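So the structure is just underneath, and the comments pick up after that.
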Number of protein chains: 2
Amino acid sequence: MPTTGGRSPVMSDVAKVAGVSHQTVSRVVNGHPNVREETVVRVRRAIAELGYQPNSTARALVTRRTNVLGALAVDTTLFGPAQTLAGIERAAREAGYFLSIVSVDDLSPDGVAEALDHLVQQAVEGCVAITPQRELAHALAALPGPRPLVAVEGGEGAGFPVVGVDQEQGARDAVRHLVGLGHRTVHHVAGRADWLEAEARVHGWREELLAAGHVVPEPLAGDWSPRSGYELGHRLAERRAAGEEVTAVFVANDQMAVGVLKAFHEVGLRVPDDVSVVGFDDIPESAYLTPGLTTVVQDFTRVGTAALEVLLGALESPGHADTPVDRTVPAVLRVRDSSAPPSA
Amino acid sequence: MPTTGGRSPVMSDVAKVAGVSHQTVSRVVNGHPNVREETVVRVRRAIAELGYQPNSTARALVTRRTNVLGALAVDTTLFGPAQTLAGIERAAREAGYFLSIVSVDDLSPDGVAEALDHLVQQAVEGCVAITPQRELAHALAALPGPRPLVAVEGGEGAGFPVVGVDQEQGARDAVRHLVGLGHRTVHHVAGRADWLEAEARVHGWREELLAAGHVVPEPLAGDWSPRSGYELGHRLAERRAAGEEVTAVFVANDQMAVGVLKAFHEVGLRVPDDVSVVGFDDIPESAYLTPGLTTVVQDFTRVGTAALEVLLGALESPGHADTPVDRTVPAVLRVRDSSAPPSA
DNA sequence: GTGCAGCATGTGAGCGCTAACATTGTTGCT
DNA sequence: AGCAACAATGTTAGCGCTCACATGCTGCAC
């Protein structure tokens, strides 16, 4: 058995064993035509014998293609971003790319710049950025960074394509559902004010209420966490106790809805008998809460896939990079037990 | 202003502008000593002027260090793996490494081999594998793949270090808590049978029950999902209706506990008055369920950090690779409202 | 003055690969 | 027969960088 003296075999080692030139080995490895079938077999055998692995670094140096895509993520402990990331990862792998991930916790321009730099240093060929916060989207648009870049969930008009779920439509569907059940107004527990998704949901909620000719109550500002939902749920209960009409609540995400449900339960408010509750996200637990939570489903996997599609498109035809195409995935209302007509 | 004729500037461009040799530029970039202060300044200025970015590929080719670590993840839509991954990512970045992620959905040897190959192709310097399933851990041990490798949450004795939470201790704490409250036995809704964590929790539960001299009921096999918790919750209620003593349940994760809670609620079983429920994971919702869920907290971030620590250790002293050190992070019981002494 | 550290810098080679061109031998067509 | 086209292979150069070594130069001891 031939040896390469301790170091891992390189192309010329294979060439020697197969009795050809290193270039022929390269041709076989890269599937070029015009190599005699018998030669291919010989080279393949030599590769197997030596356990040769092409050196992707050397290849990248000469081809100027690293085959690496970057992903900029925010808090991946949240349901949505984590799901989206998973979708991106799968799509990237299927397209033959590696995916390098950097998550950014520090939203200041410096923090974002550092994260982007990390990606640039790695010479990624393109990048998907999950940018649900306004601040992040702005920083991204202002900073130099990897290009082409596709934004997910926010940052319209910043000069790069944006892919995301139609938040506003989802919110309107939720409100329309409640109004359709006969509620004369719908309260809103909003997500973090600096999140674009929160803003879009507030907007959709308000517009739909306005369109229906209903009163628009003051929204309550939450932060996505169950805790804030719990606190605001109590606030809502107080409003009701004070005589305000509180028969339906649209909560900006399911985690906060969990808190709202608990608060209502504590003060003896029954859902949906006394108050209807509609959430957003459809986390796995939602169907099994008590009562089962009516919510708006976001297909995060599809968002991830779509984002990668757009990115790959930009990679293939760099000319089109200036004409950002926004891709929107529809949100779908899933009705369960937490929403019902108002009692009398 | 000097130009590089369209192409991005390389080291020799900087050298020309600064009036030094490319090697001196290299020294400045890499912070070598023995460069005159004035020269450093000149080179720095030239770098800034040209917007020079060192080519990491070329550097990697000659140094044989890619600065990339790999992460093999399973279903990142689950709470635990996603959290762990986030911890790994952060630790990797802080240590100056890039992190390339590949998630494996196909647990067959072929699927795992493909995922590993993806990492090897990329010439990662080391790899963290999240391996909660027995099958995955086995495939990993049998297959050639990136080395050094650190396993998270499973795969003891396979020849590489393992980092994880002490599942068994967590389970025992949960059971001891319930037994301490006066329950004469504790039922168990288990996780997916092919998961090592599920197995460890079953084991801990059984041992603790045995140690307390109590009856060990037949565990119910779930699959981590709220749905299975719901179904098995009903099964448990039937057992109770049939006269069996069901006053306490240890559920292998919080998501299933959500389903159990719903099932109990449907049949009029009050928690904790009629039955105590203890979960595992402490997902963000747990504190805000009704009632607040007593559960076992796993510090996933710490697991991720610890895994990377072990990996970096192995990277620095390859000699020690043969003496796998297992690192275990303790689990902590968090008592809330869903557990109480049995009634009468 | 000579010798020899030691600092500051330059020179050359080569990492492992692919692209471009050069070189054969083989075919087909006039 | 003669020449073009093409298939199969080899040869050379170079991607952008770092390493090892070579070269000057200063300063200081003898």
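Heavy-atom basis, side chains included; hydrogens, waters and symmetry copies ignored. Below, read A as the first sequence line, B as the second, and so on, with proteins coming before strands; counting in each chain starts at 1. This is a predicted model, so every value here is computed, not measured.
Between the CG atom of A:N34 and the P atom of C:dG25 there is a distance of 18 Å, given to the nearest Å. Regarding B:E38, its CD atom lies at a distance of 12 Å from the C1' atom of C:dA8, rounded to whole Å. Regarding B:R59, its CZ atom lies at a distance of 18 Å from the C1' atom of C:dG16, rounded to whole Å. Between A:Q23 atom CD and C:dA19 atom P the separation is 8 Å, expressed in whole Å. To the nearest angstrom, C1' of D:dC19 lies 10 Å from NE2 of B:H32. Between the CE atom of A:M11 and the P atom of C:dA19 there is a distance of 11 Å, rounded to whole Å. Here C:dT11 presents its P atom at 11 Å from CZ of B:R27, a figure rounded to the nearest Å.
Between C:dC17 and A:S26, no contact under 4.0 Å exists linking OP1 or OP2 to a side-chain N or O. Not one side-chain nitrogen or oxygen of A:T63 sits closer than 4.0 Å to the OP1 or OP2 atom of D:dC15. Under 4.0 angstrom from either OP1 or OP2 of D:dG10 there lies at least one side-chain N or O belonging to A:T24. Using a 4.0 Å cut-off, no side-chain N or O of A:R36 falls inside it from OP1 or OP2 of D:dA7. Within the structure, every side-chain polar atom (N or O) of B:S21 is placed at least 4.0 Å from both OP1 and OP2 of C:dT9.
In terms of modelled atom types and a separation under 3.5 Å, the side chain of B:T66 and the main chain of B:A123 share a donor-acceptor contact. With A:E125 contributing its side chain and A:N67 its backbone, the two residues share a donor-acceptor pair below 3.5 Å. The main-chain N or O of A:Q121 is found under 3.5 Å from a side-chain atom of B:S56 such that the two form a donor-acceptor pair. B:N30 contributes no side-chain N or O that, together with a main-chain N or O of B:H32, makes up a donor-acceptor pair within less than 3.5 Å. A donor-acceptor pair under 3.5 Å links the side-chain atoms of B:R42 to the main chain of B:A18, judged by distance alone. A side-chain donor-acceptor contact under 3.5 Å links B:E89 to the backbone of A:S103.
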Distances for protein N/O vs nucleotides 13-15 of chain C N/O pairs under 3.5 angstrom?
| from | atom 1 | to | atom 2 | distance (Å) |
| --- | --- | --- | --- | --- |
| C:dC15 | O3' | B:R64 | NH2 | 2.7 |

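Nucleic acid contact class of A:P33 (heavy atoms, under 4.0 Å, all strands): none.
Closest to the side chain of A:V20, from the set C:dT18, C:dA8, D:dG10, is D:dG10. Among the nucleotides D:dT9, C:dT18, D:dA20, the one closest to any side-chain atom of A:T39 is D:dT9.
For B:R44, the CZ atom is loosely surrounded, since the number of other residues' heavy atoms within 6.0 Å does not exceed 12.
Not a single donor-acceptor pair, N or O on each side, falls under 3.5 Å between the base of C:dG16 and the side chain of A:R7.
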